[in-house]
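Report on one structure; see the data block that follows.
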Amino acid sequence: MDKLLKKGLRVFNIVLPVLAALLLGAIAIRADGADPIRVYRSILQSAFFNLKGLSSTLVYATPLIMTGLCLVIAFRGGVFNMGGEGQLYMGAFFATVLGFSVTGLPPWLHTTLCLLCGAVCGALWALIPALLKAYLHINELVTTIMLNYVAITICNFLTNGPFCYSYQYTSTQPVAPSAELPLLFPGYTLTAGIFIALAVGVFVWILMNRTTFGYKVDTIGYRQEFAEAVGMNVRKRTMQIFLLSGAIAGLAGATVILSVYHRFTPSFSANPGLGWDGMTAVMLGGSSPVGTVVAAVMLGAFKFGSVSLQVKFGIPTEVIQIVQSSLMLFLSIRFIRENSETVQRLLAKASTRTGKKKKEGA
Amino acid sequence: MGSKIEAVGLTKYFGDFTAVDHIDLAVREGEIRALIGENGAGKTTLMNMLYGLFRPDEGEIRIDGAPVKLSSPLDAIAHGIGMVHQHFKLVPSLTVYENLMLGTEIERELKLGGRTVRLPIIDTRRERQAVQQIVDRFDFMLDIDRPVRDLSVGERQRLEILKMLYRNVDVLILDEPTAVLTPQEVDMLIENLHALKREGKTVLLITHKLAEVKSCADTISVIRAGKHVVTVTNDDDATTEMLAEKMVGRKVADIDRTRRFANDRKVLYRVDSLCAKDRNGRQVLSDVSLHVRAGEIVGVAGVEGNGQSELIMVITGLMKHTKGSITVDGADVTGVWPHELKAHKFGIIPEDRYIRGLCPEMKVSQNLIAGFEGQERFSRHGFLKRKAMEENRKEKVEKYQVRLSSKDPYISELSGGNAQKIIIARELGQDPKVMLACQPTRGLDLGSTEFVQNELLRIRDEGKAVLLVSSDLSEVLALSDRIVVMYRGRITGHFEAGHVTAEELGLYMVGAKRMEGLAGEEGNDG
């Protein structure tokens, strides 16, 4: 009984922010002169109930799944890696460079190398805050956020400077066709990238639920003093968590470039940025790998839906951004604390009532 | 004569659990009433209701015969009921009088013509006067200008009691007041309680220490499993044996502390002139030397905060030492990481059960493998053997009689005693040579305490070396074969069990006595 109620509360804590965000969005849509219910229904329809839409939804979801998963590991290990965005940029940029500078390789090898390069560069960029945290105890929240801007600026400079390709449009040279991730079905935008994302999902799930590494990550995340006292090397684990998290973010960046843009442009991550959207996914998903993947697909649907809205209803994409940003805001509020006194009292009341019923029945 | 404070059919539920079950209690004015019972018997819940912290689900509270509804401690104080908790709520950097006045500061007044204006400035002179007055009235012997951080535990407790008296309470509730006191401080407290009684105050004493109850209470109420068992007058008929039996509901066996081994067994654990400094560069350990032989329990006694915690941190690899060495069975383990200590067969029962001992957010099975997850029996190629974890849980739960509400609950759902059993099960699982037990029975009920203490004696008889650090002097006396006393980061006394009384130890614990040249002696013998 207690457990059921508590589970219910946990679900409520995720559903309530979603409803609140949708309500706020509805006000904005209404103000723009459209019917919110029709708009939301249209998003659902276009995102899920036809093949083209579903394919696009998954394209949008692919990087979000990975940036979300990179945070699952980090958050469960108590590492607040807010640097997903920067790691994504680094991964994306250097994967692109490898994509156009090397030619003549078989496609499977070239794409694999590019993806690996992205993961390695993401991890290397995460190494900076990791070292600062592990050895100098500098708060990773600050360093990772700051390093995001550094990473974006570096990529900007490199794209405009040494790797400048066209003067009309800020971008690098396009990658060689052998580096592109193949389309899955002709006529649809979906690429093999989705498999990479799902594979990362399976990997993270196994890692977190079945291995000693995941066990240690959870322990450190819950209670660092305990982890230290029973002999876990917290410093080493923190480094590993950071590197793994950065690698997944870098891989996400590489995947987006190789499957969608095929060249690096500094604005590829859009606003608020794929790394930040991953944060929404992980919060919606409650730090579980499965939940995060599901949440990322939902967010992908929203992203795609917002594009189609502009075409269909003439509603600016900013309206959908209102929903997204307020969702993030509401999610960070825990509306009901599961351990608050009111809840405890409710639980107590509910269980005495059922207890009494049991006694009466007997 | 009517009752000063009365509980009528007082009841409190926590979910399915009835913490306090229709308790009737009537305490006369000027009476010292002891409320005894095991941990978890409902004493504290009952008192928290009287102090307005919990609202009763059924029944009522009467003061001077009139029913009252207490919705907060502030409310209770307004009705003349005060409570001193086990953990003190004082500001270390402020002085005695500043702490006492916290929240009721006297402000300076300015006379302007016929009117007085209160200024937002504290009137130190009048505050000190008022505080000195109340200290003198109850003869509490406190220097009101000393900062609280320099006070002993006993003095802090007196201050907490004064805080309540200053707020004019008639009924004073004390929750486990002697848990942290030295024997001398306990005597002083008892004296103070008698002084309160002479002033007409009513005292409610919650405790599970029978000796002290016998020496100061007028009447004794026994509570077991939320129910009132009996109330007796404290006379010759109320023997401690009888009271213990009523508390536990069965006969309590005395601890069999006969030693199996003579004094010439191998030294399994040795700490040699260990020194350490804390973050601020303060010397917290000075030349601490001790050794533990196979089949021996060495108890470290001392008032809390005299370097025991630091000693534990250093020997478990969580804090750096500046000098000295530590060996386990001859192998040097000075300053090694906790996981290396494990490899040397060093088991640890930490003092803070839910911070270093267990992870409350994780399940029993997960806690049982913590620190051993890399071993072959629990994992292969980095993958956890979930079946082995399951079997391990089943085996340990059965062997150590852990009571669980479901198959594999979270540690946070366990009672203190059962949680401690999980730690013991985990640490003994590796068959350690040396066991460090820090405050192993703190906060546990009598039954669990008995279990843990017997377990320590059992592994001693198996030939393990046990180092016991406890601020509970009676526990140290009951279990140890040898006792060392720590005072201000030094070992100031070293005794064979049976050759020293609690009073004698108390003098060493407060620094009134010390043995000379002890560090050398301890280092040389054995």
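Atoms considered below: every heavy atom in the structure, side chains included; atoms not considered: hydrogens, waters and symmetry mates. Numbers restart at 1 for each chain; the letters A, B, ... are given by sequence-line order, proteins then strands.
- Heavy atoms from other residues, nucleotides or ligands lying under 6.0 Å from CZ of Arg235(A) number more than 12.
- In Leu329(A), the CG atom is crowded: over 12 heavy atoms of neighbouring residues, nucleotides or ligands sit closer than 6.0 Å.
- Taking every heavy atom of both residues into account, Thr212(A) and Leu384(B) meet most closely at CG2-CD2, 3.5 Å.
- Of the listed residues (Phe226(A), Tyr222(A), Tyr215(A)), the greatest number of heavy-atom pairs within a distance under 4.5 Å of chain B belongs to Phe226(A).
- The contact between Ile355(B) and chain A is made by backbone and side chain atoms together, counting heavy-atom distances below 4.5 Å.
- Panel note: side chain Arg223(A), backbone Tyr354(B); a donor-acceptor pair is recorded below 3.5 Å.
- A pairwise comparison of heavy atoms in Pro338(B) and Gly231(A) identifies CB-CA, 3.6 Å as the closest pair.
- Atom CE of Met298(A) sits in a sparse spot, with 12 or fewer heavy atoms from other residues, nucleotides or ligands closer than 6.0 Å.
- In this structure, CD in Gln224(A) is found 12.0 Å from SG in Cys359(B), a value given to the nearest 0.5 Å.
- Most heavy-atom pairs under 4.5 Å with chain A: of the set Gly374(B), Gly371(B), Ser379(B), Gly317(B), this distinction falls to Gly371(B).
- Contact annotation for Leu341(B): neither backbone nor side-chain heavy atoms come within less than 4.5 Å of a heavy atom of chain A.
- Heavy-atom contacts from other residues, nucleotides or ligands closer than 6.0 Å to NZ of Lys227(B) number 12 or fewer.
- To the nearest 0.5 angstrom, Glu361(B) atom CD is 10.5 Å from Asp218(A) atom CG.
- Heavy-atom minimum distance, Lys342(B) versus Val230(A): NZ-O, 3.1 Å.
- The number of heavy-atom neighbours closer than 6.0 Å to CZ of Arg377(B), taken from other residues, nucleotides and ligands shown, is above 12.
- Neither the backbone nor the side chain of Leu207(A) comes within contact range of chain B; no heavy atom of the residue lies under 4.5 Å from a heavy atom of that chain.
- Across Arg356(B), His339(B), His381(B), the residue that shares the most heavy-atom pairs under 4.5 angstrom with chain A is Arg356(B).
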